[in-house]
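In this text, all values refer to a predicted model and were calculated from it rather than measured experimentally. One is the number of the first residue; the rest follow in order along the sequence.
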Amino acid sequence: MDAPDEPPARRPRVFLSYADDSGAHTEAVLGFAEQLRGELGIDVRLDLWERDQRRDWLAWAMRQIEHGDFVLAIGSPRYKQLATADDEDPDYARFQLLMLREYLAADRARWTAKILPVVLPGYSADDLPAFLQPYSATRYAIPEDLDELVRVLTGQPRWGRPALGPLAKQEGLFDPAVLSADLSRVLVEAATSLAGAVTALWRAEVLRLGLDDPRPLGTRWRVDGGEIDRIGPVFRRDRRLLVLGRPGSGKSVSAIRLVSELLDGWSRGKPVPVLVPVTDWHPGELHPFDWLARRLARDHRLGRTVRWVNGERITLAAALLEVGLVLPVLDGLETIAHDLRPEAVAALNRLGSSVPLVVTCGLAEYGELDAAGVRLARATRAELLPLERDDVEDYLAETVPGGAARLAPLFARLRADPVPTPLLVWLVRVVHQDPGRDPAELGNRDRFPDWDSVEAHLVQHLVQAVYPDYPGHRSPAPRVHHSAARRWLGHLASTGTADIAWWQLDRPLRWVAPACRGAAGAALGFGMLSAFGVVPGLAAAAAVGSAAVNRRLLAYFNATDHVEAPHAFDRSTPKLRAEVRDFVQLMAKWLSFAVGGLALLLAGRAVAAGLVHSVRAALTLTALALGGGFLTWWSGRKLWHRLRHGRSDGLVVLADLRRPSSPAGTLRADRKVAVTGTGIMVAIAAVFAVLGPGYAVRVVLGYAAAWMLLSAYARYTVARLVLAARGRLPWRLFRFLDDARDRGVLRQYGAVHQFRHQHLQRHLGGPA
């Protein structure tokens with residue numbers, strides 16, 4: 001019996017978009033369409049075949065673009081010219097180009113795969129419109145790439161993807177002889193959550209910074225003597241990459257794009273690429289993995305501890321680094337102090353040349369290291385090349401109101417001078433969104449002899465450009481005058497650190513942190529010894545307060561980071577269960593002592609003072625035993641282990657991966673810890689006040705004051721109020737920071753804000 005016929009395969013519907021350059025070009029397009037339809041079975045729609053009747057060609061073209069499976073954009077000089085022509089040009093092909101650009105802007109992922117640039121014989125990628133990314137994305141040259149084009153149209157890849165096999169046990173990660181099944185599961189789940197958080201973080205940041213609006217600038221690298229337009233494949237091949245470039249050339253943006261590209265192909269069990277600026281790494285003080293573990297714990301809420309193979313407890317961040325589930329992408333090696341850079345490279349080399357790693361560095365700074373014989377081991381060098389002059393002109397013509405006519409003097413200078421950096425191109429675009437500002441002045445060589453002077457000029461006008469004097473009445477942005485924004489940004493830029501961290505807001509006010517620590521120690525000391533009189537209480541306040549101010553003493557107890565960093569509650573079920581179990585066991589021991597003491601006290605008081613006093617004394621002793629026992633255990637034993645031995649196994653940690661970290665999120669978490677702890681202690685003091693023991697009330701209130709004053713939230717509140725009163729910061733700081741991020745001046749990395757580029761910070765930190 002014959003097998004039933006297979007159902008016919010669906011033929012892809014393809015629309016050809018082209019410009020009528022000449023009769024020869026039109027004949028070439030017609031021949032290409034006939035080959036696709038007649039020889040290869042592709043359902044091609046071409047306007048030359050539809051002229052049998054009168055049609056509304058604009059409506060017809062819109063239907064073909066919207067309902068077709070693919071659009072083949074055929075390059076030619078006329079086709080490229082129409083992409084940037086004046087709005088008055090009525091050409092039919094220009095309408096198609098406008099539609100394609102709109103669709104790309106609305107849904108770039110879908111339409112990038114649907115619009116396929118094609119280059120016919122006798123033409124090149126230079127004849128394709130810039131918004132189709134002729135160099136940074138795939139294009140199809142005919143006849144060389146005809147087979148590949150047909151495979152894309154018909155969904156028949158040359159190399160089929162094999163079925164997913166069993167998960168490999170790499171480096172013993174899933175080997176029960178090395179890590180337990182429970183620990184392996186915890187690490188894989190943490191890596192999966194981290195991948196989701198990092199993906200959401202950088203996707204949002206790309207949108208805020210407008211890196212793809214309306215399209216990315218074409219970026220090229222020099223690798224092994226050749227030029228490439230993507231560095232992702234290079235990293236996948238070599239696993240260690242060094243990205244070099246001049247200031248403003250796009251090193252950080254390249255790192256962001258690499259992280260995004262690697263995350264697009266990420267799967268469970270693979271290392272998660274995490275971009276980490278190295279601005280706060282001191283190589284002489286911390287091993288790279290120790291520093292990375294701290295940054296990951298703070299910025300991505302990986303501070304929860306797990307029991308490691310040797311029985312010690314380490315943070316989840318450190319465990320992920322140990323098993324290779326984090327791929328560090330270290331941005332800005334040139335920001336480390338000049339004399340520490342050789343030590344930083346040596347420290348990275350000590351990790352081993354087999355450890356995957358990505359590092360970005362300034363070209364001149366790494367050249368100095370290279371000349372001194374200091375090199376990153378087994379790392380492939382990818383040097384950022386200058387932008388293409390034509391691509392810069394096309395980009396600015398698309399994004400600056402007025403287009404090429406308004407930018408003619410600048411374009412004339414572009415053709416004579418070296419091509420500027422991506423940072424300067426972005427500044428030109430942003431500053432000249434205002435039609436009242438004339439970009440022609442940038443072509444004045446007497447006023448601006450080089451691009452550095454142009455950049456400095458544009459930065460000075462950047463704040464006024466992004467903070468216009470009269471925003472629209474429907475604008476969701478807060479009304480901020482540019483002079484105030486310039487003053488506030490200038491203060492943030494002059495703090496001497498790249499990270500704008502709310503818990504470090506007090507650093508310009510050097511007295512805030514010692515004052516808070518001293519007041520906390522004084523309150524605690526006075527509460528402890530005030531029962532013996534005012535003078536002993538004041539002496540204890542002075543002694544404990546002086547000890548709390550001493551940073552060397554804090555460093556001895558390894559308490560500096562824990563006192564200065566923000567905290568959060570870890571309310572996971574295993575942690576709560578362990579805390580309750582320890583608390584019940586401790587209370588049972590305390591109660592066993594309390595019962596014996598109560599028996600003796602009841603017997604003595606019953607004889608001497610009567611039953612009423614005995615009951616009151618019994619209640620007082622019970623309250624002191626329970627409350628004092630809890631405070632002594634929770635703030636004593638746990639605090640000692642956490643600070644002295646580097647453990648973080650209490651309820652107060654940074655250990656929540658359920659949502660991506662953010663500056664406002666860490667502030668709320670630390671405020672909750674400070675307010676909740678203080679409230680509990682004040683409630684205990686109120687109970688003691690009702691029962692009568694004033695000594696216990698003063699001790700507990702001392703604990704409460706110390707708990708609040710030692711929090712990062714207390715220091716932030718004091719510093720914010722002082723700086724706002726002096727006019728150096730706004731009263732609503734977080735609203736201003738988030739708004740500056742949305743306007744493109746700042747970017748957000750984990751729990752901190754940063755300036756979009758260090759050049760912006762350098763210019764804004766100087767005199768206005």
Side-chain angles (χ1 to χ4, degrees), residues 14-22 24-29 31-33 35-36 70-85 91 93-94 96-98 100-101 103-105 108 111-153 212 214-223 225-234 250 254 257 261 382 384-399 404 411 414-415 419 422 425:
V14 177
F15 173 62
L16 266 60
S17 174
Y18 69 101
D20 190 7
D21 284 50
S22 62
H25 175 65
T26 302
E27 288 294 331
V29 173
F32 176 58
Q35 182 182 14
L36 290 178
F70 296 96
V71 176
L72 300 188
I74 301 179
S76 67
R78 173 67 174 164
Y79 197 67
K80 180 177 181 179
Q81 176 190 355
L82 290 172
T84 56
D91 195 285
R94 171 168 167 73
Q96 300 174 27
L97 287 163
L98 290 174
L100 295 180
R101 192 161 61 182
Y103 284 129
L104 274 172
R108 191 166 195 85
W111 285 89
T112 297
K114 185 172 177 177
I115 303 173
L116 308 180
V118 173
V119 179
L120 295 181
Y123 299 91
S124 68
D126 291 335
D127 298 318
L128 288 168
F131 75 87
L132 293 178
Q133 301 173 245
Y135 291 99
S136 61
T138 309
R139 62 182 181 273
Y140 301 92
I142 306 301
E144 294 86 353
D145 298 329
L146 178 60
D147 181 59
E148 194 65 30
L149 174 62
V150 174
R151 289 183 180 277
V152 172
L153 296 177
D212 293 334
R215 61 173 179 85
L217 275 167
T219 308
R220 298 175 300 120
W221 293 263
R222 180 182 292 115
V223 178
E227 295 186 9
I228 61 173
D229 53 15
R230 290 176 59 204
I231 56 174
V234 177
S254 298
R257 294 197 181 282
E261 182 179 346
L384 276 160
L385 296 175
L387 298 172
E388 291 286 344
R389 186 172 285 102
D390 291 343
D391 190 39
V392 171
E393 291 188 10
D394 290 344
Y395 181 83
L396 290 176
E398 290 180 36
T399 57
F411 287 172
L414 275 174
R415 298 185 186 99
V419 182
V425 173

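Annotation for Y79 and D21: closest pair N-OD1, 4.0 Å, computed over non-hydrogen atoms. Smallest separation of non-hydrogen atoms from G232 and E261: CA-OE2, 3.5 Å. Y18 approaches Q96 most closely through the heavy-atom pair N-OE1, 4.0 Å. The heavy-atom pair separating R78 from A19 by the smallest distance is CG-CB, 3.6 Å. Residues A83 and L97 approach most closely at N-CD1, 3.7 Å, considering heavy atoms. Closest of all the heavy-atom pairs between L384 and G250 is CD1-C, 3.7 Å.
The shortest distance between side-chain heavy atoms of V29 and D20 does not fall below 4.5 Å. The shortest distance between side-chain heavy atoms of L98 and R101 falls below 4.5 Å. L132 places none of its side-chain heavy atoms less than 4.5 Å from the side chain of L100. Counting only heavy atoms from C-beta outward, the side chains of T138 and L116 never approach each other to under 4.5 Å. Between E398 and Y395, every side-chain heavy-atom pair lies at or beyond the 4.5 Å cut-off. With contacts defined as side-chain heavy-atom distances shorter than 4.5 Å, the pair Y140/L72 does not qualify.
Qualifying side-chain hydrogen bond (donor to acceptor under 3.5 Å, both in side chains) partners for R151, counting only residues two or more places apart in sequence or in other chains: D147. Under the side-chain hydrogen bond (donor to acceptor under 3.5 Å, both in side chains) criterion, D390 pairs with no residue at all, not counting sequence neighbours. With sequence neighbours excluded, no residue satisfies side-chain hydrogen bond (donor to acceptor under 3.5 Å, both in side chains) with R139.
The distance from the CD1 atom of I142 to the CZ atom of F32 is 4.5 Å, given to the nearest 0.5 Å. Atoms CH2 and CD1, from W221 and I231 in turn, are 4.5 Å apart once rounded to the nearest 0.5 Å. Between E388 atom CD and E393 atom CD the span is 11.5 Å, to the nearest 0.5 Å. A distance of 10.0 Å separates CD in E144 from CG in L146, rounded to the nearest 0.5 Å. Residue I74 holds its CD1 atom at 4.0 Å from CG of L16, rounded to the nearest 0.5 Å.
Of the possible polar contacts, one joining the D127 side chain to the S124 backbone as a donor-acceptor pair under 3.5 Å is found.
Ring pair H25/Y123 is perpendicular by interplanar angle, where above 60° counts as perpendicular and below 30° as parallel.
Here the rule is side-chain contact (heavy atoms from CB on, under 4.5 Å) with I228, and of L385, T219, V223 only V223 fits it.
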